[in-house]
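Per chain, numbering begins at 1; letters A, B, ... match sequence-line order. The shown structure was predicted, so the numbers you read here are calculated from the model rather than taken from an experiment.
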Amino acid sequence: MPELPEVEVVRLGLAPAVTGAVVTAVDVFDERAITRHDRARGSFADRLLGRRMLAPKRRGKFLWIPLDDGEALLAHLGMTGQLLLRESWARPQDEPHVRVRVELTHPSLHELAVFFRDQRTFGSLALDELTAADAGDLVPGQVAHIARDPLDPLCDDSAFLVALTRKSSAIKRVLLDQRAISGIGNIYADEALWAARIHPEQPANTLSRAKAKLLLAEIRLVLAKALTEGGTSFDSQYVNVNGQAGYFAHSLNAYGREGAPCPRCGTPIVRVSFMNRSSHFCPRDQRLR
DNA sequence: TAACCATCCTGTTAGC
DNA sequence: TGCTAACAGGATGGTT
């Protein structure tokens, strides 16, 4: 599932290919792939055609490519979305689930295409207006409410720690709330909580400040490590822009390891249902207090 | 206002 | 062999 490290890998892969490129053709094969796009403000394809792209940006799991006139091509990959670089002559019908094709011409590279593939159609593209957010950053309107992510140098640690003290919700629910801190999904929430020895259902406001700071540090460690390993791939549902899988799945300690021994103490990892998804944790190291 | 939950979607797998 | 149900989970809007 694309979380912060996976989206960042995609952003890094896209950057050299799209920065400075001009859109020469747009094909939308499935309207569900642009559900985030406000049709009242014009056709997605018509408005994107002819626009010049600037360097891609990211906040949390949202990725966008600013355009030369105050708007941006916004992308959220959802669960199975992929942005893939292809030769301009590659045929979308030769691979499954290609929902959108954007053809580009680049001042110094040859022509190429970006395919937006998405099996489960939870992802979406949109054209969105850039608006001023905190610290003067320009972000798409749909991203304005998303908190900075833990790898952002301007991430406000103290604001996050204070927010924890005001929430009675389970800590995992808070980690998954992109308004509190962004970029964390089910996989890295389980991994960071395992590393910090915190039960997923521990109320956020019962964590000591020291424990909360430890958790934030572990979140940063797990995200950074996943980034260096190219992200987490369980199957073909997460790949970089060249279609290559990441290696971080081999480094997981809790997520997806139900019944396997905890790498610290050997106790079998358990899986429980939580928020319509699964939580994995060590019942010995991560006790509800 | 905070907290929580249903909903969207499709490929895979388990169970019958 | 074929059918059905369960499952995976990010963001969001609605309800409590």
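Which of B:dA3, B:dT10, C:dG10 sits closest to the side chain of A:Arg32 comes down to B:dT10. Taking every side-chain heavy atom of A:His145 into account, C:dT12 is the closest of B:dA3, C:dT12, B:dC5. In the set B:dT10, C:dT12, C:dG10, the nucleotide with an atom closest to the side chain of A:Phe62 is C:dT12. For A:Lys167, the listed nucleotide lying nearest its side chain is B:dA3; candidates were B:dC5, B:dA3, C:dT12. The A:His76 side chain lies nearest to C:dA11 when the options are B:dC9, B:dG11, C:dA11. In the set C:dG10, C:dA11, B:dA3, C:dG10 carries the atom at the smallest distance from any side-chain atom of A:Leu176.
A:Lys57 and A:Asp137 are not joined by a salt bridge, as no carboxylate oxygen comes within less than 4.0 angstrom of a charged side-chain nitrogen. In summary, A:Asp157 and A:Arg220 engage in a salt bridge, as defined by a charged side-chain N under 4.0 Å from a carboxylate O. Between A:Asp149 and A:Arg58 a salt bridge is recorded (basic side-chain N to carboxylate O distance below 4.0 Å).
Each end of the helix from B:dA2-C:dT16 to B:dC16-C:dG2 yields a helix axis from five base pairs, and these two axes differ in direction by 60° (to the nearest 10 degrees).
Nucleic acid contact for A:Arg179: none, since no nucleic acid atom lies under 4.0 Å from a heavy atom of the residue.
For A:Glu229, the side chain to side chain donor-acceptor pair (under 3.5 Å) criterion is met by A:Lys225, A:Ser251, not counting sequence neighbours.
Computed from coordinates, the A:Arg166 CZ to B:dT1 P distance equals 14 Å when rounded to whole Å.
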Provide a list of protein-nucleic acid N or O atom pairs under 3.5 angstrom, restricted to nucleotides 5-8 of chain C.
| unit_1 | atom_1 | unit_2 | atom_2 | d |
| --- | --- | --- | --- | --- |
| C:dA8 | OP1 | A:Arg271 | NH1 | 2.5 |
| C:dA8 | OP1 | A:Ser278 | OG | 2.8 |
| C:dA8 | N3 | A:Arg120 | NH1 | 3.1 |

